[in-house]
Amino acid sequence: MPSTITDERRAAVKEIVCDILELEEDEVTDTSLFIEDHGADSLRAIEILASLEKEFGITIEQSELSQMVNLESVYQVVAAAPVR
């Protein structure tokens, strides 16, 4: 059963991602790729992971970074992450 994420949480995730990638929210779609479409680097990915952990009080394994390629996948990772 897939984990679900509330619209409110999706909005907060998108805000964090856009803030770190220095993009406007309308520039990023659920499926646009952070690296290929938006020029993100691995340091930004780690910043996103750390910010999400802090914002939601969750733990995200470093191994999840490779899956966090777009908003859709970040939503899934956040939804599945255990609360600390």
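Since we're looking at a predicted model, the values are computed, not measured.
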Rounded distance [0.5 Å steps], [atom1] in [X] versus [atom2] in [Y]:
X: M68; Y: I48; atom1: CE; atom2: CD1; value: 6.5 Å
X: Y75; Y: T4; atom1: OH; atom2: OG1; value: 14.0 Å
X: C18; Y: L71; atom1: SG; atom2: CG; value: 6.5 Å
X: I35; Y: D37; atom1: CD1; atom2: CG; value: 10.5 Å
X: L21; Y: K14; atom1: CG; atom2: NZ; value: 12.0 Å
X: R84; Y: I60; atom1: CZ; atom2: CD1; value: 9.0 Å

Decide whether [X] and [Y] are clustered together by the hydrophobic rule: side chain heavy atoms of Ile, Leu, Val, Met, Phe, Trp, Tyr closer than 4.5 Å, transitively.
X: I5; Y: V69; result: no
X: L33; Y: I46; result: no
X: V83; Y: V74; result: yes

If you define the side chain from C-beta out and look only at heavy atoms, does anything of [X] sit under 4.5 Å from [Y]?
X: L52; Y: V13; answer: yes
X: V17; Y: H38; answer: no
X: R10; Y: D30; answer: yes
X: E53; Y: L49; answer: yes

Tell me, yes or no, whether the heavy-atom count around E36 atom CD, taken from other residues, nucleotides or ligands under 6.0 Å, exceeds 12.
->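 Buried by this count: over 12 neighbours within 6.0 Å.
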When you measure from the side chain of E27 to the backbone N and O of E24, does any donor-acceptor pair fall under 3.5 Å?
->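 Looks like yes, one N/O pair under 3.5 Å.
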F34 ring centre to R44 NZ or CZ under 6.0 Å, with the angle to the axis within 45°?
->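 Checked: cation-pi criterion not met.
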At their closest point, which heavy atom of I20 faces which heavy atom of S51, and how far apart are they?
->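 The pair with the smallest heavy-atom distance is CD1-OG, 3.4 Å.
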